[in-house]
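Here is the structure we will look at.
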Amino acid sequence: MLTLDFHPTGRHFLQIPGPSPVPDRILRAMSLPTIDHRGPEFGALGLKVLAGIRQIFQTRHPVVIYPASGTGAWEAALANTLSPGDSVLMFETGHFASLWNRMATRLGLKPEFLGLPGAEGWRHGVQAGMIEERLKADTQHAIKAVCVVHNETSTGVTSDIAAVRRAIDAAKHPALLLVDTISGLASADYRHDEWGVDVTVSGSQKGLMLPPGISFNAVSPKALEASRTARLPKAFWAWDEIIEMNQTGYWPYTPNTNLLYGLNEACDMLLSQGLDTVFARHRRWGEGVRAAVRAWGLEIQCADPALYSPVLTGVMMPEGVDADAVRKIVYERFDCSLGTGLGKVRGRMFRIGHLGDCNDLTLMAALAGCEMGFRLAGVKLAGSGVQAAMDYFAGHPASLDLRRAA
Ligand SMILES: *Cc1c(COP(=O)(O)O)cnc(C)c1O
């Protein structure tokens, strides 16, 4: 039964790895009246958000903002830089990498999908060495782009993008580097310019703490150059007209005015705290949540501790336990949303988001929901994850900076 008129008491615990909880301050900013998108106030707003978002991507180059979900910005990244039949090298880190790979095929590209074998491959990050080896063998430079996911939201593994850049350089290969950090941006450290990324794709509803609805391409000079000769059809997604009009703070079509108010607020919040503070806060939350998973005696989906995601933690179920049955109990009984297992790991794991606007106690509530859900589902636990997370959070006090939202 669909119960759209059912509103539980208190706050819903939205602990999926995106959309993430939207701070009241951003909701209030978004409730301002919609203004004339050709008027003078809009131009000032446009220029301000375009400058702010460049700081978040850590780039001096253009960032294009689309009124679309992240998937649209994926398409924009491919359509602006590539031509029909182009070979692209992608790496299977999980479900989102697989979806981007499928999109490349649908657009008429020839993706080659590298990866580690089986479901076990979804416990690791991008293997830069495999990319280097493959690019070295491509002596004709048929491969036009390398596409990787920075924070793989289906697994909770954050790959080393600088290592992928070094691999491309070591192979002396001219391929563009395209990176999806839809869930990583503004929660996990990300450096578009320093890491030599050509197109970075992101979205609004994860680390930026906004509702879904806008997405981004950060574009290097080399990518812009490639877009001048790329032949995949593009009109709505074409960078040139947007970047041209953005110089005065406007868009060629109606932008998402109220989400841009929200973006303006999000940039103010994130930049006044400082990105390093934001990243440290999410790393600490990740530590606390992983302490709980270990105490339960369950496996963390990410098998490489150096690549633990500060955005979310994947929790693997013991053999024979349906992760979605546990999730359902936690949702129905305790009004807490957890992320489902996607693709190859459906039913085998679930995901706890610790991105965006949380605090120690929202995470404690989510962990308590999980622990009660496990007991109700009859899952045998080694111990109390709630106790372990309380010990972690109490024993590792967050500085005032880390607790300050702006
Ligand atoms: C959420 C997400 C997407 C999809 O973005 P939509 O906004 O749902 O289109 C793609 N890649 C990653 C890594 C994501 O986390």
Side-chain angles (χ1 to χ4, degrees), residues 14-22 53 57 64-79 88 90-104 106-107 111 113 115 122 124-126 147-161 164 177-190 192 197 199-218 236-237 256 259 262-263 266 282 286 301-302 307-314 337-345 349-356:
L14 186 64
Q15 297 306 137
I16 55 175
S20 66
V22 181
I53 195 67
F57 277 93
V64 176
I65 307 178
Y66 295 104
S69 87
T71 305
W74 262 352
E75 180 157 341
L78 299 174
V88 294
M90 301 180 121
F91 201 94
E92 185 182 347
T93 42
H95 187 65
F96 288 101
S98 305
L99 291 179
W100 203 12
N101 175 72
R102 198 172 75 185
M103 171 186 275
R106 292 182 69 137
L107 289 174
F113 212 19
W122 285 28
H124 300 272
V126 175
C147 304
V148 294
V149 174
H150 171 229
N151 187 73
E152 179 49 84
T153 322
S154 63
T155 62
V157 179
T158 307
S159 286
D160 182 349
I161 300 304
V164 177
L177 174 56
L178 275 46
V179 178
D180 166 350
T181 190
I182 293 178
S183 61
L185 192 76
S187 289
D189 193 8
Y190 190 84
H192 179 83
V197 180
V199 187
T200 301
V201 178
S202 195
S204 56
Q205 75 272 28
K206 313 225 170 147
L208 287 174
M209 307 175 288
L210 298 169
I214 52 175
S215 54
F216 311 91
N217 277 179
F236 179 77
W237 303 119
N256 204 324
L259 274 166
L263 177 60
H282 289 89
Q301 175 77 23
C302 178
L307 304 184
Y308 282 147
S309 172
V311 173
L312 74 139
T313 298
S337 288
L338 301 164
T340 186
L342 295 164
K344 279 182 186 174
V345 291
M349 57 86 84
F350 69 86
R351 298 167 298 148
I352 303 173
H354 32 85
L355 69 167

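Starting from 1, each residue takes its place in the sequence as its number. Every number for a ligand or one of its atoms is a count from 1 in the order of the listing.
Under the 3.5 Å distance criterion, the side-chain polar atoms of R351 are left unmatched by any main-chain donor or acceptor of G156. Side-chain atoms of Q15 never come within 3.5 Å of backbone atoms of S337 as a donor-acceptor pair (strictly under, hydrogens ignored). Judged by distance alone, with hydrogens and angles left aside, the side-chain atoms of S202 form a donor-acceptor pair with the main-chain N or O of T181 at under 3.5 Å. With hydrogens and angles ignored, the 3.5 Å screen pairs a side-chain donor or acceptor of S159 with a backbone N or O of V126. No side-chain donor-acceptor contact under 3.5 Å links H95 to the backbone of K344.
The backbone and the side chain of T71 each have at least one atom closer than 4.0 Å to an atom of ligand 1 (non-hydrogen atoms only). Contact annotation for E152 and ligand 1: no heavy atom of the residue comes within less than 4.0 Å of the ligand. Neither the backbone nor the side chain of W100 has any atom closer than 4.0 Å to an atom of ligand 1 (non-hydrogen atoms only).
In terms of protein heavy-atom proximity, atom 11 (N) of ligand 1 is closest to D180 OD2, 2.7 Å. Among protein heavy atoms, atom 1 (C) of ligand 1 sits closest to K206 NZ, 1.4 Å. For atom 15 (O) of ligand 1, the closest non-hydrogen atom on the protein side is T153 OG1, 2.4 Å.
Relative orientation of the F57 and H192 rings is perpendicular, given thresholds of 30° and 60° on the angle between their planes.
Near S69, meaning under 4.0 Å from any of its heavy atoms, are these atoms of ligand 1: 6 (P), 7 (O), 9 (O). Residue N151 approaches ligand 1 through these ligand atoms, each under 4.0 Å from one of its heavy atoms: 13 (C). Residue contact check: G70 has heavy atoms under 4.0 Å from atoms 5 (O), 6 (P), 7 (O), 9 (O) of ligand 1.
Remark: K206 is positioned above the aromatic ring of F96, its terminal NZ or CZ atom under 6.0 angstrom from the ring centre and at most 45 degrees off the axis.
The closest approach between Q205 and ligand 1 falls below 4.0 Å for a heavy atom of the residue. The closest approach between T181 and ligand 1 stays at or above 4.0 Å for every heavy atom of the residue.
H282 meets the ring pair (Phe, Tyr, Trp, His ring centres under 6.0 Å) test with W285; sequence neighbours excluded.
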